[in-house]
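Below is one structure, written out as structure tokens, with a few remarks after it.
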Number of protein chains: 2
Amino acid sequence: MAPGLQAELKQKTPFTSRQQEAYLALLRTADALQSSMESKLKEFGLTGTQYNALRILRGAGPEGLPCSEIGERMITHDPDITRLLNRLEQRGLVERIRDQHDRRVIYGKITTAGQKLLREMQEPIEKYGKEMLRHVSQPELQKLIDLLELVRCGRKV
Amino acid sequence: MAPGLQAELKQKTPFTSRQQEAYLALLRTADALQSSMESKLKEFGLTGTQYNALRILRGAGPEGLPCSEIGERMITHDPDITRLLNRLEQRGLVERIRDQHDRRVIYGKITTAGQKLLREMQEPIEKYGKEMLRHVSQPELQKLIDLLELVRCGRKV
DNA sequence: CGAGATTAGTCGTCACGACAAGTACTTGTC
DNA sequence: GACAAGTACTTGTCGTGACGACTAATCTCG
């Protein structure tokens, strides 16, 4: 049994199952990486959620994307797109466009200011992401990716 | 290159690095498992944070724990213990005790009602956690745990 | 002893997520 | 054409996280 996580948590009782140990390790590791990345993103005045949304909109091209589509593509599904777009719109990074055919639909679209910001961030952020995992070898990364996909795809809905 | 996560995210551009792919896979997998567990915890009227805090306090024994200690042991470090304890205290699941010697320190302590709730939850919650990962073999779980620990312990602070 | 630094916790504010209720619009059916 | 059902988004509320200002108590050092 690996004593690492138990020591971190200072738990006196051992894990009741390997599954629970993996679950906790997963949450803590994701939180550690995410917190680290959030602090880096803060230098550019964006939160992780905002950066994620901007990248999705940039990838969507000039037509933009309906709010519902944005929500589905976010790392964390079903966030509150309305208010997320509000904040980004106030800062001039995205704009809203109402669909001409179906007037219920509102498209979010990245502005040139938003694209400029993303361009400036790209190199340092990608470098930072690589740095966070620089001590993990390529084969280990691949193994981790495969295992995570196994966990995710076959999980209980 | 495993196409799985790319397909999920509907991203047109490939990952710029294996590190980035691993990072995103980690966040999405953790979110999926956590969301699933949160929905189960909701049946008992607790959020994940509250359940986590209660378990920490139960593990701490009858003396309880100072707020700062609770914060350090949480899965997500440094949450707002004051208001978390407020909500749990309102529901009678924990109580606060001021340290006699150092009157700055306040101990959080689980009540009998809190212990009773945890006892009722334990069996179904543990079962649910195992179910979530039932399709992952024991050696795979162990490999995943080891890889996660590698990622976590050597990461950039 | 007493001023200043430190520590533990509290509180205000903002940004998320989750959920539920509400509104505007479209579609299916008659 | 009109009404019911469904869809897409908006809004209100609650529970976190993140940050920072603030208070109370303790410690350090002259």
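Letters A, B, ... are given to chains in the order of the sequence lines, protein chains preceding strands, and every chain is numbered from 1.
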Seminar exercise, completed: Applied to residues 31-41 of chain A, the salt bridge (charged side-chain N to carboxylate O under 4.0 Å, His left out) test, sequence neighbours excluded, yields A:K40-A:E43
Exercise. Residues in salt bridge (Lys or Arg N to Asp or Glu O under 4.0 Å) with B:K116, at least two apart?
Worked result: B:E120
For this session: Take the protein atom CG of A:L41 and the nucleotide atom C1' of C:dA15, then report the distance between them rounded to whole Å.
Result: 14 Å
Seminar exercise, completed: Sequence neighbours excluded, the answer for side-chain hydrogen bond (donor to acceptor under 3.5 Å, both in side chains) partners of A:R83 is A:D80
For this session: Send over the distance from A:I75 CD1 to C:dC16 C1', rounded to a whole Å.
Result: 14 Å
Problem set entry | nucleotides 4-9 of chain C: protein proximity per nucleotide (B base, S sugar-phosphate only, - neither; heavy atom, under 4.0 Å) | ---BSS
For this session: Measure from CG on A:N86 to P on D:dC9 and round the result to the nearest Å.
Result: 13 Å
Exercise. How would you list, by chain and number, every residue that makes a side-chain hydrogen bond (donor to acceptor under 3.5 Å, both in side chains) with B:E126, sequence neighbours excluded?
Worked result: B:Q122
Problem set entry | Protein-nucleotide distance (A:L85, atom CG; C:dC16, atom P), rounded to Å | 11 Å
Seminar exercise, completed: The side-chain hydrogen bond (donor to acceptor under 3.5 Å, both in side chains) partners of A:K130 (sequence neighbours excluded) come to none
Let me have the donor-acceptor pairs involving side chains of residues 107-115 of chain A, under 3.5 Å, with sequence neighbours excluded, atom names and distances please.
| from | atom 1 | to | atom 2 | distance (Å) |
| --- | --- | --- | --- | --- |
| A:K109 | NZ | A:E95 | OE2 | 3.3 |
| A:T111 | OG1 | A:G92 | O | 2.7 |
| A:T111 | OG1 | A:L93 | O | 3.0 |
| A:T111 | OG1 | A:A113 | N | 3.4 |
| A:T111 | OG1 | A:G114 | N | 3.1 |

Check the interface with nucleotides 2-5 of chain D: list each N/O to N/O pair with the protein under 3.5 Å, or write none.
none

Problem set entry | side-chain hydrogen bond (donor to acceptor under 3.5 Å, both in side chains) partners for A:Q34, two or more places apart | none
Problem set entry | A:K127: partners by side-chain contact (heavy atoms from CB on, under 4.5 Å), with sequence neighbours left out | A:E123
Seminar exercise, completed: Rounded to whole Å, the CG-P distance (A:D99 to C:dT26) equals 9 Å
Exercise. By side-chain contact (heavy atoms from CB on, under 4.5 Å), which residues pair with B:Q90, not counting sequence neighbours?
Worked result: none
Seminar exercise, completed: B:R91 atom CZ is separated from D:dC14 atom C1', nearest whole Å, by 13 Å
For this session: Write down the atom of A:L133, the atom of B:Q19, and the distance for their closest heavy-atom approach.
Result: CD1-O, 3.5 Å
Seminar exercise, completed: Scoring nucleotides 16-21 of chain D by protein non-hydrogen atoms under 4.0 Å (B base, S sugar-phosphate only, - none) yields BSBS--
